[in-house]
Each structure stands twice: as structure tokens, then as C-alpha cells.
Amino acid sequence: MTTAILAFERDFAQQRRRARLTFAAVTLVLVVLFLLTAEASNFFKVTQVTQADGTRAERWVIGAGLPRLGEYLSKTIPDLNWSTLPGDIAVWFGRWQIWATLLLETVLIAFMATVFGVVGGFALSFPAARNLSPSGWVLWLSRRVLEIARTVPDLVWALIFVFCFGVGPLAGVLAIGLHTMGALGKLYSEANENIDMRPLDGVKASGGSWFDQMRYGAVPQVLPNILSYTLLRFEINVRSSSIIGYVGAGGLGREFRTAMSYQEYTNLSALFIIILVTVIVIDRTSEALRHRVIGLGATA
């Protein structure tokens, strides 16, 4: 008995020693990678700044830039006084009618893009799953299509489609939809790879085709995950559609470009608040819908 205890303590000590060495090695690698990345990104760069008395001094670029960030943010905040608060807010959101129209366009772009992305990603997620793909070349082709779609940023897709189809919401829908297809297809396929294969074997044993196996064996298992990923992606697409308008693909991005070009800083903060409120509303609505579908009760 004593020998077994001593052997256990010896093995435990060796295991602890190996764990400490592994932790130290991983930490060292991460520190080295951080230092290399920081050096490549000019994190430790020293720059010259002009001081209040007119002299020049060297400062760490982060320390020199943070005050300018505060200065920029202060420009976006309008002058608000309690005595004239309603009028100040009315001036702050003076272009609300134009912004409301563009916000509706932004949400519609995000919605249509999400629909196209869900259809494409859902269709490709089954052949892109290693445990469900009917053949090796179909698996390879499906994964490459999804990789290309999500590797190219939606802003770049927007530039391409603006060149092809002209300025307008169509370019935004196609750009975000294609990127959404790649991103959701990847998430859907990973959910497919974690399913229980026994229902599919049962469908196959009863004479069902590959499509029957997907329809009756796989889809019911992954529907909750698909719903969660889809709602999250719609929220992301609302934010994306408010930016790609910067390159002419419709939505509120056009107003961001105008405000930045003409240095209308208070308009930037107003647009930010509008998008923030929209995302909060969509997030709460999506959460309620998701909980209703998966059968959860009300949450705080």
C-alpha cells in the first residue's frame, strides 16, 4: 500500500513538473510572438511631438496619440445645455429624415444579404462537412468555395460589385451576402461534424438517399445552432451594411463618408448612436426569438 502511494506521488510530481515546463514554454513562445508582433506594428515606436511651449520632444507613439484620440472624440460631442436641450438634440439629429431612410435601406441590405448567405451557406455546409460529404472532391470543392467567399473582406467584394453593377444597394447585398455565405457555411459545417450519425444510418438503412439522410437525420440536430449563428450574423451584417456604403454600396455609409469628408464631427456621433440603438434592438429581438424557438423561458 505504501509502495503504491509513493509511486502515485512520484508520478503526480512528474506530471506537475511536465505541466509547469509546458506552461513556461508556451508562455515564452507567446511573449516572443507578442514582442515580434508589437515591433512589426510599431507598438514601441517613438515619435516627436510639439509641446505647449513650442519645443519638440520624443514620446512613445501610444502616449502621444491617446490625447489626440480624446480630442477627436470631444469634437463629435455637441454642445448640450439643460435649458435648450430639446433644441440642441433637434439640431444634433437635424438630418433624421434622411438618416431614417438610409437606416431602413441599411437594415434591408443586411436582411437580404443574410437570406442569400444563409441559403448558400446552408446548401454548402453539408458537402463541406467531413462526415457528411458524399465524396472527397465534393468536400474539397465545397470548402474552397466557402474559403474564397469569406477570405475576401466584404468591403473588397463591395468595391468589385460597385464596379460591376454600379453604385447602389445591389452591390451591398451581393458583397455582404457572399461573405456571409462563406462565414455561415464554415460555422454550419462545423455544427454538422458534431452531430450523432446514428439517425443518418437509420435513414440510410431504410433506403433513404443522401438528401434524405441530410433532411431527416442531420437538419433536425443542427437547427438550433443554425438559428443562433444566423441571428448573430444578421446583427453583424447590419453593422457591415452601415460601413460598405462608404464605397458606394448603399446604406448609412454614404453619410459617414460625407460627415468625415466635410468634418461634420457631430453627425458622426449621431450616426453612431443610431446604429448602436438599432443593433441593441435587433440583439434583444433575436434573443427573444431564439429563446422562443429553443424553448427557454424569459430571461433577465
Side-chain angles (χ1 to χ4, degrees), residues 108-165 169-241 243-244 247 249 286 289-290 293-294:
L108 292 178
I109 289 173
F111 177 77
M112 289 298 298
T114 304
V115 170
F116 290 150
V118 167
V119 172
F122 182 78
L124 290 174
S125 67
F126 297 101
R130 192 175 299 276
N131 58 330
L132 300 179
S133 185
S135 64
W137 72 267
V138 173
L139 173 68
W140 183 89
L141 181 62
S142 301
R143 290 194 169 188
R144 298 299 82 79
V145 170
L146 294 175
E147 287 171 359
I148 292 172
R150 70 174 179 272
T151 298
V152 179
D154 48 13
L155 194 61
V156 176
W157 283 126
L159 288 170
I160 295 173
F161 290 130
V162 165
F163 176 81
C164 296
F165 304 106
L170 176 61
V173 170
L174 295 177
I176 299 178
L178 192 57
H179 192 273
T180 299
M181 181 188 74
L184 288 182
K186 171 67 173 177
L187 294 174
Y188 293 168
S189 65
E190 290 180 350
N192 291 337
E193 290 180 347
N194 293 322
I195 65 174
D196 184 358
M197 295 298 293
R198 288 175 295 183
L200 283 77
D201 294 336
V203 175
K204 183 178 180 179
S206 62
S209 64
W210 181 83
F211 293 99
D212 293 330
Q213 296 174 50
M214 299 304 105
R215 167 63 182 86
Y216 298 105
V219 171
Q221 297 186 59
V222 298
L223 267 182
N225 286 333
I226 287 176
L227 178 62
S228 269
Y229 293 145
T230 301
L231 294 175
L232 174 62
R233 189 66 201 189
F234 175 60
E235 177 187 327
I236 295 173
N237 286 347
V238 171
R239 295 195 296 269
S240 297
S241 60
I243 298 301
I244 62 170
V247 296
S286 299
L289 177 61
R290 183 172 64 253
V293 170
I294 64 178

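This one's a predicted model, so the numbers in the text were calculated from it and none came from an experiment.
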Less than 3.5 Å apart, which donor and acceptor atoms pair up between the side chains of residues 152-161 and the rest of the protein, not counting sequence neighbours?
unit_1	atom_1	unit_2	atom_2	d
D154	OD2	S240	OG	3.4
W157	NE1	A149	O	3.1
W157	NE1	V152	O	3.2

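- When side chains are defined from C-beta on, T230 does not count as touching F234, because their heavy atoms never get closer than 4.5 Å.
- With sequence neighbours excluded, the residues that form a ring-ring contact (aromatic ring centres under 6.0 Å, His included) with F126 are F122.
- The OH atom of Y229 sits 10.0 Å away from the CG atom of L184 when rounded to the nearest 0.5 Å.
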Assess whether side-chain contact (heavy atoms from CB on, under 4.5 Å) is satisfied between I109 and V238, documenting all intermediate values. CA-CA 8 Å; I109 289 173; V238 171; over 6 Å; no

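- Rounding to the nearest 0.5 angstrom, the gap separating the OG atom in S209 from the CE atom in M214 is 9.0 Å.
- For the pair V173 and L108, the minimum side-chain heavy-atom distance is 4.5 Å or more.
- At a threshold of 4.0 Å, the pair E193-R143 counts as salt-bridged, since one of the basic side-chain nitrogens sits closer than that to a carboxylate oxygen.
- M181 and L146 make their closest contact through O-CD2, 3.5 Å (heavy atoms, listed as atom of the first residue, atom of the second, distance).
- Counting heavy atoms from C-beta outward, T180 and V118 have side chains that stay 4.5 Å or more apart.
- Among S142, S189, S135, the single residue meeting the side chain to side chain contact (heavy atoms under 4.5 Å, CB included) criterion with P127 is S142.
- Note on residues 111-132: pairs passing side chain to side chain donor-acceptor pair (under 3.5 Å), not counting sequence neighbours, are T114-N237, S125-N192.
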Side-chain donor-acceptor pairs of residues 216-228 under 3.5 Å, sequence neighbours excluded:
unit_1	atom_1	unit_2	atom_2	d
Q221	OE1	D196	N	2.9
Q221	NE2	D196	O	3.0
Q221	NE2	G217	O	2.7

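- Applying the salt bridge (charged side-chain N to carboxylate O under 4.0 Å, His left out) test to R150 and every residue at least two apart in sequence or in another chain returns nothing.
- Here CE of M112 is found 9.5 Å from CG of L170. Values are rounded to the nearest 0.5 Å.
- Remark: K204 NZ to S206 OG distance equals 11.5 Å, nearest 0.5 Å.
- For the atom pair L132 CG and Q213 CD, the distance stands at 8.5 Å (nearest 0.5 Å).
- Pairs passing the ring pair (Phe, Tyr, Trp, His ring centres under 6.0 Å) check and including a residue from residues 171-214, sequence neighbours excluded, do not occur.
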